[in-house]
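Written out below as structure tokens is the structure these notes cover.
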Amino acid sequence: MIELAGISFSYPGRPILRDVNLRIRRGEYLGVTGDNGSGKTTLVKLLNGLLLPQEGRITVGGASTSDRESLLAIRRSVGIVFQNPDAQAVGETVEEDIVFGLENIRVPASEIDRRIDSYLGMLGIKELRDRNISLLSGGQKQLVNIAAVMAMEPACIVFDEAISMLDAGNRKNVLQRISRLNSRGTSIIQITHNPEDLSNCHRVIAISDGRISQQGLVEDAEEANETNKGKEGRGGREGGGKFRDRRTGPGSGVFREGCGIGIRHLSHTYNPGTEWAVPALRDVSLTIGKGRVTGIVGGIGSGKSTLACLIAGLDTPASGSIAIDGRPPEPGRNVRILFQHPEEFFFERTVREAVAFGLSKAGLPENAVGRRVLSAIDEVGLDRSVLGESPFHLSSGEQRLAAFAISIAMKPQYVILDEPTAGLDQRSRKRVLDAIRRMTRGEGAGGGGVTVIYISHRIGEVLEVADRVVVLDAGNLTFEGTNATYRDRM
């Protein structure tokens, strides 16, 4: 169905793909792996003509992506679900978002309603049909994005780290639905860092140094699945689980008034008093002790990112209070936040300028700025060669690491990390977790005694670094206690 012959592609001064040859058969389930920056997303964009090869030829169903007259048919044949759902949202409501794509490919009106109902139901989100997309959680947006692409029923669907933001239950469901589509003849290309996502693939390839190689990873993935199941049985299950009346109390941590983060009776509703009203948090009281890592976990729509934004001072709660060392949150001063999609906040020309921006604004001498920039880049494991590149030319994983470097270079007292390892390869994930440990111990580029709030649906990673664990479920605080207590109760 898709054939790549002698494909090469480079960004300015940066070769990405070199002489790539690949044939993807109709009805095949292909897995693609590779380190951050290896060229996976570039390959995806080449498949349906979002990028054109500088050398070689790509054909989809016999039509070349370089032929402008064929592009519409090619893009109709190859649907792509990217990692960042905000980059693909076009409608105000969920229904409008899905209708947009279906009308563009001229699906009959009588068929549109059936497809919307079918694919939202398939992914377990029928209740979101009339909801405003901007009020959904990141995971909910991604499920809508997946439904929108599936509803167009292309011959091939590419998932570019598209399930990395989903909790364990939703990820499992999406993988099952993908396999069912494949069994009915849809070609699937699954790009992921997680071997457990590859168990249903017919074939797996890896991209390294701009080239591809066949990998015998399907058996390894099945093995990883079994290992993961074992971990789930021992309390390593991702997501928040169901906790009821298991709080150890909002004052359970070592805490003195005016020290650390105090959250008291916090409630928040988006668009209150309107038809768009969405309760996000309900009477949450919580203490986050200073100099620790506190992990916040929960399923899609549980309120994790809402709580993060309120602690960061980016929104005002409907009721209740938040105090950081006895003062209200001061964004960028006493608290910083690393968002799920940091690439949306780059505006400097180079990575060096991006990391140095806040330091220069803070009045640091030029030589001190330079030292901190290099230290932060080294800390997150990026090669110093990226400093002169545009942040927009980096892979999504490299962008995430660059954003993390910006955060730790500022040596904040309190930092909120919202899904900091999503989309990262195993080596980069380890570097981020190691950097977090060093930050709280007062080592490395982050300076001394940083308090970290680590938000994730990957409970295994949270348990690696967190001293305490907080569980949210549908806006309610259902557990707050030590790492050990969480493990015991799971």
Using side-chain heavy atoms (C-beta onward) and a distance below 4.5 Å, is [X] in contact with [Y]?
X: Arg18; Y: Asp209; answer: yes
X: Tyr11; Y: Glu389; answer: no
X: Ile24; Y: Met1; answer: no
X: Thr42; Y: Lys45; answer: no
X: Ser70; Y: Thr65; answer: no
X: Val452; Y: Arg292; answer: no
X: Phe404; Y: Pro420; answer: no

Decide, yes or no, whether a salt bridge links [X] with [Y] under the criterion of side-chain N to carboxylate O below 4.0 Å.
X: Lys304; Y: Asp418; answer: no
X: Asp434; Y: Lys430; answer: yes
X: Arg458; Y: Glu196; answer: no
X: Arg427; Y: Asp35; answer: yes
X: Glu3; Y: Arg57; answer: no

* Check whether the side chains of Asp160 and Thr41 place a donor and an acceptor atom closer than 3.5 Å, and report yes or no. => yes
* To do: Just say parallel, tilted or perpendicular for the rings of Phe357 and Phe347, cut-offs at 30° and 60°.
  => perpendicular
